[in-house]
Number of protein chains: 2
Amino acid sequence: MSNTGRGLHGHVLDTLGPEITAGAYPPGSVLRTDELAQRFEVSRSVMREVVRVLESMRLVESRRRVGVTVRPACDWNVYDPQVIRWRLAGADRPRQLRSLTVLRSAVEPVAAGLAARNATAEQCAELTECALGMVANSRGHRLEGYLFHDMAFHRVILTASGNDMFARLGDVVAEVLAGRTHHDVMFDDPDPAAVTLHVQVAEAVRERDAARAEKLTREITVGALQELDILAP
Amino acid sequence: MSNTGRGLHGHVLDTLGPEITAGAYPPGSVLRTDELAQRFEVSRSVMREVVRVLESMRLVESRRRVGVTVRPACDWNVYDPQVIRWRLAGADRPRQLRSLTVLRSAVEPVAAGLAARNATAEQCAELTECALGMVANSRGHRLEGYLFHDMAFHRVILTASGNDMFARLGDVVAEVLAGRTHHDVMFDDPDPAAVTLHVQVAEAVRERDAARAEKLTREITVGALQELDILAP
DNA sequence: CCGGAACCAAAGGTCAGACTTATTCATCAC
DNA sequence: GTGATGAATAAGTCTGACCTTTGGTTCCGG
């Protein structure tokens, strides 16, 4: 699951990071490098590297003569994939999932519009393939197969937009989609209307119809919002 | 300027980070910790901490027996404020500015709509104050005063949306706005139409008119796109 | 000529301990 | 009360040692 698991450093990070994002230490709490090193049974060097990384994520602040103070949640780098994963694994997962879904609803329609203008022929083909894969797995409780193509679909859209910032959200969207399937309510087969919308988006992009791609994608994200009982804008 | 400047560690990071984001080392290049430590005249410990942070930003990957390899740009954590600052300071600043402005155009309208629903009375007041500040500084080459209130305005909107992910983009938007004023074309006084739009957005939020707030904000961001000669979606 | 096993060296990973420096806090003199 | 002084503290830095992984090389046998 976690990609930092390599080495002692990664292990400590994957323990301490989630603790902080879960709110185990209230903002302003002070941690001492030495104490942490003792607790995790690692050397101070390793602990310092962990603190540096947590600092770069703005989860903590290290100051001389004071210690390592935990920062308030509003300071955190909530776009850091690590932080996102930690928060999704924690107690306020539902809240986090809502935030991310709202973000999706803002970004994906615009990305789809751009994709309709900038997608390469190859990307168009990929998109169609993904949509067809979704259709093929839309019945008979083939949720895993459906999820796979769904994640790929949205990733292609975001990448094909040609915008760095959008492309980087592919992982985030994938995480949200996976969460919906694995942890949350996904009783039955996916909504047929949603499947159709994906096929139509692929069409619109292929036909370079930016406005239609944007509009259709907006319908998809509105559906995602409604699934979480979020009032559609 | 840079907030990491504290300590040797920060200094090295602020030198090596921009080099990497500027593309000084092609993807796949291998750096050796020891050599870097020599070059910056710091100990291996400090260098290791720097590498760890760069690794958490996904700028590099550290592997045994191989060294520190530079990752392709598509892997970078482009939402990390540090990375954003480094890229904005580098050669492909214009490209980066475009990416960020497109992101703004996707996010801010939705955020404004949410703000109209969720803003506290205090936030509404702040918003109005910012808008008035913009008006007051809109004539007579008071660019700095205008910028100050403009940044504050957008930050309040993003915060008032009540969405973690949106709120965190306040710094990014501020950076973009500051860039436009300081580095790029901002010859004369700001466009009066834009100033009016900000005032109207403040009104709409105060009156809880989400649809109007969203629409007006979309007009603001379309203007920002046009300034950079980006085709409005 | 080729494939695999054994070996070696290179680079990061970890550790322990000593020393430095900034910062806070308390004390004291004015 | 206020400002200067000093001591305590925890992070910052450096050094040098040793461990572990792993890519490359060599060498042997098929």
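Convention: sequence-line order gives letters A, B, ...; per-chain numbering from 1.
- Atom CE in Met57(B) sits 4.0 Å away from atom CH2 in Trp86(B) (nearest 0.5 Å).
- Looking at Glu55(B) and His9(A), their side chains never bring a donor and an acceptor atom within 3.5 Å of each other.
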Discussion item. For Arg39(A) and Glu19(A): C-alpha separation, side-chain torsions, deciding distance, then whether salt bridge (Lys or Arg N to Asp or Glu O under 4.0 Å) applies.
Written reply: CA-CA 14 Å; Arg39(A) 173 184 157 197; Glu19(A) 282 184 7; 2.5 Å; yes

Practice prompt. Give the intermediate values and the outcome of side chain to side chain donor-acceptor pair (under 3.5 Å) for residues His154(B) and His198(B).
Written response: CA-CA 9 Å; His154(B) 290 275; His198(B) 282 76; 2.9 Å; yes

What side-chain donor-acceptor pairs closer than 3.5 Å can you find for residues 124-133 of chain A, not counting sequence neighbours?
unit_1: Thr128(A); atom_1: OG1; unit_2: Cys124(A); atom_2: O; d: 3.0
unit_1: Thr128(A); atom_1: OG1; unit_2: Arg206(A); atom_2: NE; d: 3.3
unit_1: Thr128(A); atom_1: OG1; unit_2: Arg206(A); atom_2: NH2; d: 3.4

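- For residues 97-110 of chain A, the salt bridge (Lys or Arg N to Asp or Glu O under 4.0 Å) pairs, not counting sequence neighbours, are Arg104(A)-Glu108(A).
- Within residues 30-43 of chain A, the residues having any heavy atom closer than 4.0 Å to DNA chain C are, in order of number, Val42(A), Ser43(A).
- Note that the CG atom of Leu158(B) and the CZ atom of Phe153(B) stand 10.0 Å from one another [nearest 0.5 Å].
- Distance CE (Met47(A)) to P (dA10(D)): 16 Å, rounded to an integer number of Å.
- No side-chain heavy atom of Asp92(A) sits less than 4.5 Å from a side-chain heavy atom of Thr21(A).
- One can place CZ of Arg44(B) at 14 Å from P of dC18(D), the figure rounded to the nearest angstrom.
- Remark: Thr101(A) OG1 to Leu228(A) CG distance equals 4.5 Å, nearest 0.5 Å.
- A salt bridge does not link Arg58(B) with Asp80(B): none of the charged nitrogens is closer than 4.0 Å to a carboxylate oxygen.
- Using a 4.0 Å cutoff to heavy atoms of chain A, the contacted part of DNA chain C runs 5' to 3' from dT14(C) to dT24(C).
- The distance from the CG atom of Asp150(B) to the CG atom of Leu143(B) is 11.0 Å, given to the nearest 0.5 Å.
- As rounded to whole Å, 10 Å separates atom C1' of dT13(D) from atom CZ of Arg52(A).
- Residue contacts shown for Ser45(A) include a base, since a base heavy atom lies under 4.0 Å away.
- Distance CG/Leu54(B) to CD/Glu61(B): 13.0 Å, rounded to 0.5 Å.
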Using the 3.5 Å cut-off, write out each protein N or O paired with an N or O of nucleotides 23-27 of chain D and the distance between them.
unit_1: dG23(D); atom_1: OP1; unit_2: Arg63(B); atom_2: NH2; d: 2.9

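- The pair Arg48(A)-Asp34(A) does not count as a salt bridge, with every side-chain nitrogen at least 4.0 angstrom from each carboxylate oxygen.
- In this structure, the CZ atom of Arg48(B) is 15 Å from the C1' atom of dT15(D), given to the nearest Å.
- Five base pairs at each end of the helix from dC1(C)-dG30(D) to dC30(C)-dG1(D) define two local axes, and these are offset by 10° (rounded to 10°).
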